[in-house]
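To start, the structure under review is shown below, and the notes come after it.
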Protein chains: 2
Amino acid sequence: MPPRMIDVARRANVALSTVSYAINGQRAVSEETRRRIRQAMDELGYQPNALARGLASKHTNILALLFPTPERGLGVTEMEFVVGAADAAREHGYHLVLSPSELRNVRDLEQLTGQGLIDGALVMEVRIDDDRVQLLEQAGVPFSMIGRTSDPGRIDYADIDFEQTTRDAVGHLVELGHRCIGFLNHSPSAFSVGYGPTVRASEGFRRAAATADVVHVERLCGDNAAAGQAAFHEMRAAQPDITALIVMNERAIVGVMDALDEIGWRVPDDLSIVSMVSSTRVTEMMRPKLTTLEPPSTQLGRLGIQMLLDQIDGGAGERAPVQELLPCRLVIGASSGPPPAR
Amino acid sequence: MPPRMIDVARRANVALSTVSYAINGQRAVSEETRRRIRQAMDELGYQPNALARGLASKHTNILALLFPTPERGLGVTEMEFVVGAADAAREHGYHLVLSPSELRNVRDLEQLTGQGLIDGALVMEVRIDDDRVQLLEQAGVPFSMIGRTSDPGRIDYADIDFEQTTRDAVGHLVELGHRCIGFLNHSPSAFSVGYGPTVRASEGFRRAAATADVVHVERLCGDNAAAGQAAFHEMRAAQPDITALIVMNERAIVGVMDALDEIGWRVPDDLSIVSMVSSTRVTEMMRPKLTTLEPPSTQLGRLGIQMLLDQIDGGAGERAPVQELLPCRLVIGASSGPPPAR
DNA sequence: GCTCCCAGTCGAAGCGCTTCGACTGTGGCA
DNA sequence: TGCCACAGTCGAAGCGCTTCGACTGGGAGC
């Protein structure tokens, strides 16, 4: 029912193949012919059939976005990745299919790559040691990652620079005068499965604190208020002099606030709080409005797609892998200030 | 390079077409033959090529998810839609392509449907009067909506039951003893473009309040703290007796809290707050933990896909349209209580 | 004046599948 | 005993494109 290429060809009085060449420029077509073809296409409202094109040409203009849904659930930051990626893909004439593959369902991934549907994949929520990476490699599917494995080798990735980000967080607090800083990280399970941000922020914090020569203490903490509350009390028991807290666990923060109420502490007078890798969209809803290191989520999503397309369009040539670490942006809110004079 | 159907056929000593029939059951195949074919497929690790299949059969097993990115940005609730839809699609053997079409880019939509890539579309963020609906109709693409237009006709949709939800919100407050209730809605621009939830919640609130015979006042309010703060002061000026507030605007809430601080009011002692259509994921991060009417987001996403598939697989037959309104779940937090005895 | 080359065009052969019509052999039934 | 129906199988014709090899007619080069 929709017009086909042959209809365009007939109307423009040329061969089918000439229309094809006019459309994708694989061979020269004279200006006059091209004009007639364009006109015919317009008149018929012609749109090339994506499947036929893909079948014949071996590339589909479809990319997959692999996002597992972690126990933690997906938040604003992840949504921003997705939107960034989807926008970037569309701008380049690609479609993005969403593949909510659980890690356990390696089968799903095989199915996706085996069907010949996708030209490449963007892998989200990468773990330090991620099954999907091997799978994609041996399937020969071009891919890039948001996040990175412990040894990314020559795989393209874009990730948050946790080293820099923790340094910035610690730096901000040190500048304000803090000398004893706590770090509340994600859950023990996130750490033990090797979720990248959890592991890297942990290392980064330790190093940054050591470099700045401040007393520090870290805790892993379940993603809920109760865990946050308990964790803070434990931390304070370990380091009674604590005057500032870096939190990379949005859902634990409210628990910390509860804990502070219990001991009559106020933010930022008695304790400064800096949220790490939280969207301002979230921190602005908290009271006091939190100081945060906001992740460049949309940009990461776009970058991920960009890298992938470079890889695909770039063709076979040996390229240097693109591996970028992006910093978070320090957005100062009302939750950080000078330490109390205790 | 990957095995093709002909390879399977040769290995199982049958015709190509027999393999096809064995796979999708369009014709009877003997048990013995089927066994041999299955074995050959396993040995070769065969996976049908999705494009070839689609080209020949006229359906692709791909659905599109149409989500415009509103000025307001996409939040947790929207993410949950998306995940629900993606999961449901995968469970049924479909892929989901993300189409972040701006409403203005009607061209993008035409391109998507014209390419023959998708079997159907799920439309998110539907407005009272939505261009995309006409476009999809005239393109002959099966689709269903999350949300609904003013006159959905025979189009399938799943939406939140705003009538019921506002009634529940008002009911909860009335039960607590409140007699003067405010409603803080989304922005004037959301209202004027006819964003469904904004419009319907407005009507619902007015009706519910009238039925319950309580004094009520409503304001549209920009999606930010400053607007919320100003709006609350205005509301109180209009109705000094206000003792409870229903808010369907997550980002304005913190502004309301600021306003309360200014006049020395506390929640819920002086003012009860109920958040409408907010994920508990969000309300649990607020202090006090907000009472909310939590939307069945994931379920809506799944339902949307389900309806779409019924429509597609159901075939040509005249079905009754599936039009479902789902209630939100009242989750009582610490932000609502009896009115003060002023 | 002849060859050579190349821009520009055409026809045809696939890409890997679905599906149609045709063919075979068996069993039920009169 | 003969006929028909039908389960089970096969070959071939597309689906709507891309791409390859081949063909044509000028200009450029000598």
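Here is the naming used below: chain letters follow the sequence lines, and residue numbers restart at 1 for every chain. As the structure is a prediction and not an experimental result, all values here were calculated from the model.
- Of the possible donor and acceptor atoms, none in the side chain of D87(B) sits under 3.5 Å from a partner among the backbone N and O of G84(B).
- For K58(A), no side-chain nitrogen or oxygen approaches OP1 or OP2 of dT19(D) to under 4.0 Å.
- Here the side chains of L16(B) and S20(B) are not in contact, with every heavy-atom distance at 4.5 Å or above.
- Under the side-chain contact (heavy atoms from CB on, under 4.5 Å) rule, D119(A) has a single partner from L309(A), L63(A), L308(A), which is L63(A).
- Of the side-chain N and O atoms in N49(A), none sit less than 4.0 angstrom from OP1 or OP2 of dC15(D).
- Comparing dC17(C), dC20(C), dC15(C) against the side chain of P48(B) picks out dC17(C) as the nearest.
- Atom CZ in R35(A) sits roughly 16 Å away from atom P in dG8(C) (whole-Å rounding).
- For Q115(A) and dC15(C), the CD to P distance is 20 Å, given to the nearest whole Å.
- For Y46(A) and dC17(D), the shortest distance from a side-chain N or O to OP1 or OP2 is below 4.0 Å.
- A straight line from CZ of R10(A) to P of dC10(C) spans 14 Å, rounded to a whole angstrom.
- Mapping L51(B) and R27(B) onto DNA chain C by nearest heavy atom places L51(B) closer to the 5' end of the strand.
- Counting heavy atoms from C-beta outward, M41(A) and I23(A) have side chains that approach closer than 4.5 Å.
- Within the helix from dG1(C)-dC30(D) to dA30(C)-dT1(D), the inter-axis angle between the opening and closing five-pair segments is 40°, rounded to 10°.
- You won't find any donor-acceptor pair under 3.5 Å spanning the side chain of S30(A) and the base of dG8(C), going by distance alone.
- Using modelled atom types, one finds a donor on one side chain and an acceptor on the other under 3.5 Å when comparing Q39(B) with E43(B).
- Whole-Å rounding puts the L16(A) CG to dA12(C) C1' distance at 10 Å.
- Each of L300(A), L65(A), L74(A) was scored for a side-chain contact (heavy atoms from CB on, under 4.5 Å) with M124(A), with one residue passing: L65(A).
- Below the 3.5 angstrom threshold, one finds a donor paired with an acceptor across the side chain of Y21(B) and the base of dC20(C).
- The S20(B) side chain lies nearest to dT18(C) when the options are dC15(C), dT18(C), dG16(D).
- M307(A) is not listed as a side-chain neighbour of M145(A), based on a closest heavy-atom distance of 4.5 Å or more.
- Heavy atoms of S17(B) sit under 4.0 angstrom from at least one base atom.
- Distance, R36(B) CZ to dT9(D) C1': 11 Å, rounded to whole Å.
- Here the side chain of A52(B) is nearest to one of dC10(C), dT19(D), dG16(C), namely dG16(C).
- Side-chain proximity of V29(B) to dT9(D), dC20(D), dG16(C): nearest is dT9(D).
- OP1 or OP2 of dT9(D) has at least one side-chain nitrogen or oxygen of T33(B) nearer than 4.0 Å.
- For R127(A) (side chain) and G194(A) (main-chain N/O), no donor-acceptor pair under 3.5 Å exists by modelled atom type.
- For the pair Q26(B) CD and dG8(D) P, the computed distance is 16 Å after rounding to whole Å.
- Atoms CG (D7(B)) and P (dC15(C)) sit 11 Å apart, rounded to a whole Å.
- M5(A) has its CE atom 8 Å from the C1' atom of dT18(D), to the nearest Å.
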